[in-house]
Amino acid sequence: MTISLQHWIDGKLTDGQSERTSPVFNPATGEHTANVPLASAAEVNAAVETARIASLEWRNASLSRRAAVLFSFRELLHNRMNDLAAIVTAEHGKVLSDALGEIARGLENVEFATGVPNLVKGGYSEQVSTGVDVYSIRQPLGVVAGITPFNFPVMVPLWMCANAIATGNSFVLKPSEKDPSASLFLAQLWHEAGLPDGVFTVIHGDKEAVDTLLTHPDVSAVSFVGSTPIARYIYETGTANGKRVQALGGAKNHMLVLPDADVDLAADAAVSAAYGAAGERCMAISVTVAVGDIGDRLVEAIAARLPKLIIGNGADPDTDMGPLITAAHRDKVAGYIAAGQESGATVVVDGRTGDLPAEGFFLGTTLLDHVDTNMSVYTDEIFGPVLSVVRADTYEDALGIINSNSFANGTAIFTRDGGAARKFQNEVEVGMVGINVPIPVPVAYYSFGGWKSSLFGDNHMYGPEGINFYTRGKVVTSRWPDPATSTVDLGFPRTR
Ligand code: NAD
């Protein structure tokens with residue numbers, strides 16, 4: 001049965017009016033499970049208006065009241081994790097344990113935001129001049145919007161909305177149209193947690209909805225996570241319309257393996273980081289740069305692990321890797337493998353062959369060796385279960401390869417040499433660095449963000465920079481004359 005999804009506006013499910021919809025699939029079965037409404041500009045305007053009205057009251061809610069709502073939301077989310085994970089797996093395809101992992105990483109952001117009374121503290125300087133004090137406060141922006149990708153339908157919205165709401169804003173979410181149901185589940189939990197109607201909105205849509213948010217005079221800030229071309233467009237359009245924008249883009253993450261590395265540790269890390277969630281992670285390892293003589297041993301160790309991975313429906317607890325998000329994306333990824341092969345890469349393991357489920361959008365794991373940096377399999381973000389191995393003679397050569405890449409989201413080094421690791425963390429031009437950690441997603445009390453074409457804007461996402469992004473500073477300079485010298489009748493005796 002194909003169900004019709006709804007928007008979440010002003011604290012309730014609301015039918016779409018535009019008559020435009022987009023299909024939602026279960027990628028493990030290929031079944032068309034739902035249609036999601038695509039909002040018209042008029043519907044987005046109406047949703048933003050409810051958010052604007054709600055923000056006028058929410059901005060004045062006490063810090064303790066806001067924290068209490070966050071604590072309730074945290075408990076509800078924690079208690080309903082399994083239900084939410086099942087929704088994620090049914091529309092995204094990732095295995096249940098991975099869906100639970102993304103919810104856990106999102107929960108961290110909610111827990112961070114419960115500390116809002118501490119996070120928005122300002123500074124105070126007494127007696128900067130006689131009778132004059134100066135202090136700073138941080139205030140909410142009003143209505144802020146989030147536009148999110150398909151690959152983390154829970155975690156990425158939570159990166160944004162936990163801090164945005166804690167700091168007193170109304171948050172309008174435009175989730176991916178490919179797996180939209182998780183956002184409606186989050187909306188229901190916010191409602192149950194006692195969040196006033198209109199403070200959290202879900203408006204589904206495509207370019208029309210996004211463009212309306214980007215140009216709406218009542219939307220003060222836009223947070224975006226998605227591919228680089230769209231991130232650039234969001235940044236340019238949003239800032240041209242006077243908005244604060246943070247737009248996180250695509251990635252091509254390299255794992256540098258030095259000759260002294262523990263080969264088994266590095267191979268295990270490469271397998272989980274390259275093929276977890278079928279490679280559809282912005283922090284997935286896409287390229288392994290093998291330095292010196294470790295290349296052959298590393299490729300052999302990775303190849304030996306791949307036949308053991310069970311590929312199938314993510315709802316089955318025995319499955320290690322699920323399908324890709326759509327049939328079209330699966331075919332695009334397969335096309336990159338063919339292009340790599342044609343341009344001279346060695347196909348060590350070929351994901352296009354082998355025993356894959358007949359239904360659904362499956363592709364097996366692929367390992368390409370001797371990949372050259374001018375091949376499309378290297379230059380482009382593939383976003384699938386394909387790992388390329390590039391050989392480098394020296395550490396300097398490997399560093400040069402990483403620093404020449406236009407993407408700079410995450411990277412990792414595998415070595416037993418602390419000095420080499422320290423040199424790498426200093427010299428590599430990438431926003432997030434792992435040392436013997438393949439996917440260095442920062443904990444919620446740091447901030448997440450890449451460099452170069454992986455991020456447009458000044459603030460990284462969540463953590464302290466998230467609080468900064470969703471608030472604006474105000475500095476007050478006050479003068480109060482000494483009551484003993486005042487000539488005004490105070491109605492009480494003047495004493496020193
Ligand atoms: P996408 O760019 O296609 O879509 C992201 C969002 O933008 C969706 O909500 C979509 O509806 C909207 N959108 C798409 N086309 C648009 C257009 N022309 N105009 C306006 N809005 C548009 O990305 P995706 O395929 O959903 O997600 C995968 C991408 O996201 C990958 O490139 C991945 O690297 C990236 N990503 C990056 C990070 C990060 O932290 N840097 C995290 C997760 C995903």
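Remember, it's 1-based here, ligands and their atoms both numbered in the order they're listed. One-based numbering along the sequence shown.
Inspection of the Y336 and T366 side chains reveals no N or O donor paired with an N or O acceptor under 3.5 Å. A side-chain donor-acceptor contact under 3.5 Å links Y233 and K207.
In this structure, T201 contributes its side chain and V172 its backbone to no donor-acceptor pair below 3.5 Å. In this structure, the side chain of R232 does not engage the main chain of G249 through any donor-acceptor pair within 3.5 Å. Between the side chain of N253 and the backbone N or O of G410, at least one donor-acceptor pair lies under 3.5 Å. Put simply, the side chain of K178 never gets that close to the backbone of I325: no donor and acceptor are under 3.5 Å apart. No donor-acceptor pair under 3.5 Å is formed between the side chain of N241 and the backbone N or O of K243. Looking only at distances, a side-chain donor or acceptor of D350 sits under 3.5 Å from a matching main-chain atom of R352.
Across the listed options P149, P175, G249, A251, G249 owns the non-hydrogen atom lying nearest to atom 37 (C) of ligand 1.
Close N/O approach between V210 and ligand 1 is not found [any backbone or side-chain N/O within under 3.5 Å].
For atom 4 (O) of ligand 1, the nearest protein heavy atom is 4.0 Å or more away.
Among protein heavy atoms, the minimum distance from atom 26 (O) of ligand 1 is reached at F150 N, 3.0 Å. For atom 7 (O) of ligand 1, the closest heavy atom belonging to the protein is F224 CE1, 3.3 Å. Here the protein heavy atom with the shortest distance to atom 2 (O) of ligand 1 is S227 OG, 2.6 Å. G226 O, 3.1 Å is the protein heavy atom nearest to atom 35 (C) of ligand 1. Ranking the protein heavy atoms by distance from atom 15 (N) of ligand 1 puts I230 CD1, 3.6 Å first. Of the protein's heavy atoms, C282 CB, 3.0 Å lies nearest to atom 38 (C) of ligand 1. In this structure, atom 19 (N) of ligand 1 lies nearest to the protein heavy atom K207 CG, 3.6 Å. Looking only at protein heavy atoms, the nearest one to atom 32 (O) of ligand 1 is E381 OE1, 2.6 Å.
Assignment of G450 to the shell around ligand 1 is not supported, since no heavy atom sits closer than 4.0 Å. Ligand 1 has at least one atom lying under 4.0 Å from a heavy atom of N151. Ligand 1 is approached by T148 to a heavy-atom distance shorter than 4.0 Å.
The structure places CE of M255 at 11.0 Å from CD1 of I402, a figure rounded to the nearest 0.5 Å.
Using cut-offs of 30° and 60° for the angle between ring planes, the H254 and Y378 rings count as perpendicular. Ring-plane geometry between F200 and W190 is classed as tilted, the angle between the planes lying from 30 to 60 degrees on a 0 to 90 degree scale. Ring orientation note: the planes of W8 and H191 are nearly perpendicular, at an angle over 60° on the 30°/60° scale.
Using a 4.0 Å cut-off between heavy atoms, E177 contacts ligand 1 through its side chain alone, with no backbone atom that close.
In the vicinity of I147, heavy-atom distances shorter than 4.0 Å reach the ligand 1 atoms 6 (C), 7 (O), 9 (O). Residue K174 approaches ligand 1 through these ligand atoms, each under 4.0 Å from one of its heavy atoms: 8 (C), 9 (O), 10 (C), 11 (O). In summary, the atoms of ligand 1 found under 4.0 Å from a heavy atom of G250, numbered by their order in the structure, are 32 (O), 34 (O). Atoms of ligand 1 found under 4.0 Å from any heavy atom of F448, numbered from 1 in the order shown, are 39 (C), 40 (O). Proximity to F383 (heavy-atom distance under 4.0 Å) selects the following atoms of ligand 1: 28 (C), 31 (C), 33 (C), 34 (O).
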